[in-house]
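The block underneath contains the structure these notes are about, expressed in structure tokens.
Numbered from 1 within each chain, the chains take letters A, B, ... in sequence-line order. Just so we're clear, the structure is a prediction, and the values are computed from it rather than from any experiment. Only this structure's heavy atoms are used, side chains among them; waters, hydrogens and symmetry mates stay out.
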There are 2 protein chains.
Amino acid sequence: MTLKQLEAFYWAATCANFALAAQRLHLSTSSLSKRIAELEQSLDVLLFDRTLHKASLTESGYALLPQAVQLLQVAEKTRQVVSKNQAVSGQCSLGVGELSALTWLPQLATYLRSALPHIKLEPQVDIGSALHQQLLEGGLDCAVVAGRSSHPSIASHTIGQAKFEWVAAPHLSPAIQEVTEALLKEHPLVTLPRGAGTSRILDDWLLANDMDLAQRFTCNSWGVIAGLLIEGFGIGILPEGWARSFKRRKQLRVLSSAVQLNPLSYTFQHRRHDDRRLVTTTLAAVRKNVDFSVSPRLL
Amino acid sequence: MTLKQLEAFYWAATCANFALAAQRLHLSTSSLSKRIAELEQSLDVLLFDRTLHKASLTESGYALLPQAVQLLQVAEKTRQVVSKNQAVSGQCSLGVGELSALTWLPQLATYLRSALPHIKLEPQVDIGSALHQQLLEGGLDCAVVAGRSSHPSIASHTIGQAKFEWVAAPHLSPAIQEVTEALLKEHPLVTLPRGAGTSRILDDWLLANDMDLAQRFTCNSWGVIAGLLIEGFGIGILPEGWARSFKRRKQLRVLSSAVQLNPLSYTFQHRRHDDRRLVTTTLAAVRKNVDFSVSPRLL
DNA sequence: CGCGTTTACGCCTCACGTAAACATC
DNA sequence: GATGTTTACGTGAGGCGTAAACGCG
């Protein structure tokens, strides 16, 4: 039984399949398979059931998993205790939503390049639910997602809030300065699809105002949404930084509303027992650089 | 960093020297040295100071030791959780005093041979203080010693008591049936050297009876002591089983005493963090077979 | 047939022991 | 010189990737 074998077992047990786990370990699938086989041989126990299409944990495998986690944690702690102030290094795949990608992510990348050059950041942009799934399957080391995860094997750390404003094109019902039910009936609501964090904000607001769902036009790209809003296609909400920028250029106007939009809390999420310094260091770096209020870089 | 390296480090750090640690791991000294060197390289830290005659732990080495212990313990636990009911195997060097060796040790050996054939018992007979030292230096896995160890890195488990009787040859002051100060002044006290557990019993008794030390003749062999007592060389104490045997053969008579001799408690001792099943299983086997009251096999 | 896992094979590194060298007392 | 640790070196097992085979949907 070796630490390498246990590490291979951990990833194989918690990733969607061996290929993904192997990728995570910078290993070929066949080598990973052999490591698992050798671990099984050394413990004289079958850890995976291969009779099905996918390898799944046996009872013994389930029994081993928490032990393996503990062992790897202690091993990591051991490395930290002894080799203090060693440069953190490795690839870190970070999942982010489009909003994060367009506001503070470039800042984070710049910071990491100068402060922690041995960390190779690999950003992956997708909607929150996809990122969450990727975290579970082992495709990501960590992700910044709206809200906390309710999944037991994902740990969430609050890192910041994004604020939103109601906006409309200047020529869209120019007399009206406030978001009303009538306005929402007249013009479609342009927003991200359900499942994105922003939807929660909108649903909260609609509920608080006792309004029915207006016509809803969804697209998974903030850029497209902003474009549609500027075109006067409908009304919608934008992150405060964006709203500010477009307002300054007179491309959009900010609408008031009787009830404020709740801010949206974002959390840094990672696999609960993944205590690698790579992850904790990345969390610290994200905390240093997160800022949802900045204007998007592309404008 | 591998488990093998940490195991090598643990033994190298806690044994008297690398050679002994290597022997313990069934490894050549050079291989052990290389393992340590590789561990140092992988952690990028010097663990031993080689400028002195003997390699001694550096500050980092001292920091690593408890972590290594914890890691090895968790590893051992992990093996146990998964591979339950696996046969325990390995060489187990057990230190015992002569009294244990001559009473219950053969019984233990027989038991182990039939019940746990994969454990190779290697008994080593010496006086308690030597066994204790060997435990500390790593020369022994475990030992049965009189009294508990006060050393922080040695764990003690009480396993039984030995009772002793005052004896004398039938022709030695035949009128006297009780141990008195006068008797002890007339005849030398034949006993084990100071440092053996039996000395404590005698000192307790002398103190309780407010007696001064009589003339004392010491020898490190119970066989020699019994021989001298039978010869009428002096008076002394013998384990109850021995006293019973010699009394039955009329070679010795048992003397009464106003104050009883305290029984002597024996403990099973091992290195505190050595949780190998080999050790715990041996402890259980010793508990099953320990019996200081049996007559010695050689009589 | 596609997807996921294992086997076959050639390559090379790594871990071992023997023996000699080195360092300290 | 005795004791204790490291270096040199030849050997064999073990871990790796590529590529082919297997086995279940």
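At dT6(D), one or more side-chain N or O atoms of Ser33(B) fall inside 4.0 Å of OP1 or OP2 (strictly under the cut-off). Between Arg35(A) and the phosphate of dC16(D), there is a side-chain N or O to OP1/OP2 separation shorter than 4.0 Å.
As rounded to whole Å, 17 Å separates atom P of dG4(C) from atom CD1 of Ile36(A). A straight line from CZ of Phe18(A) to C1' of dG23(D) spans 15 Å, rounded to a whole angstrom. Atom CD in Gln23(A) sits about 15 Å away from atom P in dC3(C), given to the nearest Å. Summarising the geometry, the separation between CG on Leu25(B) and P on dA15(C) is reported as 15 Å, rounded to the nearest angstrom. Rounded to an integer number of Å, the gap from Lys54(A) NZ to dC3(C) C1' is 10 Å. Rounded to an integer number of Å, the gap from Glu137(A) CD to dG4(C) P is 10 Å. For Glu38(B) and dT7(D), the CD to P distance is 12 Å, given to the nearest whole Å. Taking atom CG of Asp49(B) as the reference point, atom P of dC25(C) lies 11 Å away to the nearest angstrom.
Of all heavy-atom pairs spanning Glu76(B) and Asp275(B), the tightest one is CG-O, 3.8 Å. Looking at every heavy atom in both residues, Asp141(B) comes nearest to Gln91(B) through OD2-O, 3.6 Å. Closest of all the heavy-atom pairs between Glu98(B) and Gly223(B) is OE2-N, 3.9 Å. Considering all non-hydrogen atoms of both residues, Leu65(B) and Ala13(B) come closest at CD1-CB, 4.0 Å.
The 5' end of DNA chain D is approached more closely, in terms of each residue's nearest nucleotide, by Gln5(A) than by the other of Gln5(A) and Thr29(A). Two residues, Lys4(A) and His53(A), neighbour DNA chain D, and the one matched to the more 5' nucleotide by heavy-atom proximity is Lys4(A).
For dT18(D), the base has a donor-acceptor partner in the side chain of Ser30(A) [N/O atoms by modelled type, under 3.5 angstrom].
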Please walk me through it: do Glu40(A) and Arg50(A) pass salt bridge (charged side-chain N to carboxylate O under 4.0 Å, His left out)?
CA-CA 13 Å; Glu40(A) 288 178 320; Arg50(A) 280 97 160 168; 2.7 Å; yes
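For Lys34(A), whose side chain is taken as the heavy atoms from C-beta onward, the closest listed nucleotide among dC16(D), dT5(D), dT5(C) is dC16(D). You'll find that the side chain of Ser31(A) is closest to dG17(D), out of dC16(C), dG17(D), dT5(C). Closest contact between the side chain of Leu27(A) and the listed nucleotides dG17(D), dC3(C), dT6(C) involves dG17(D).
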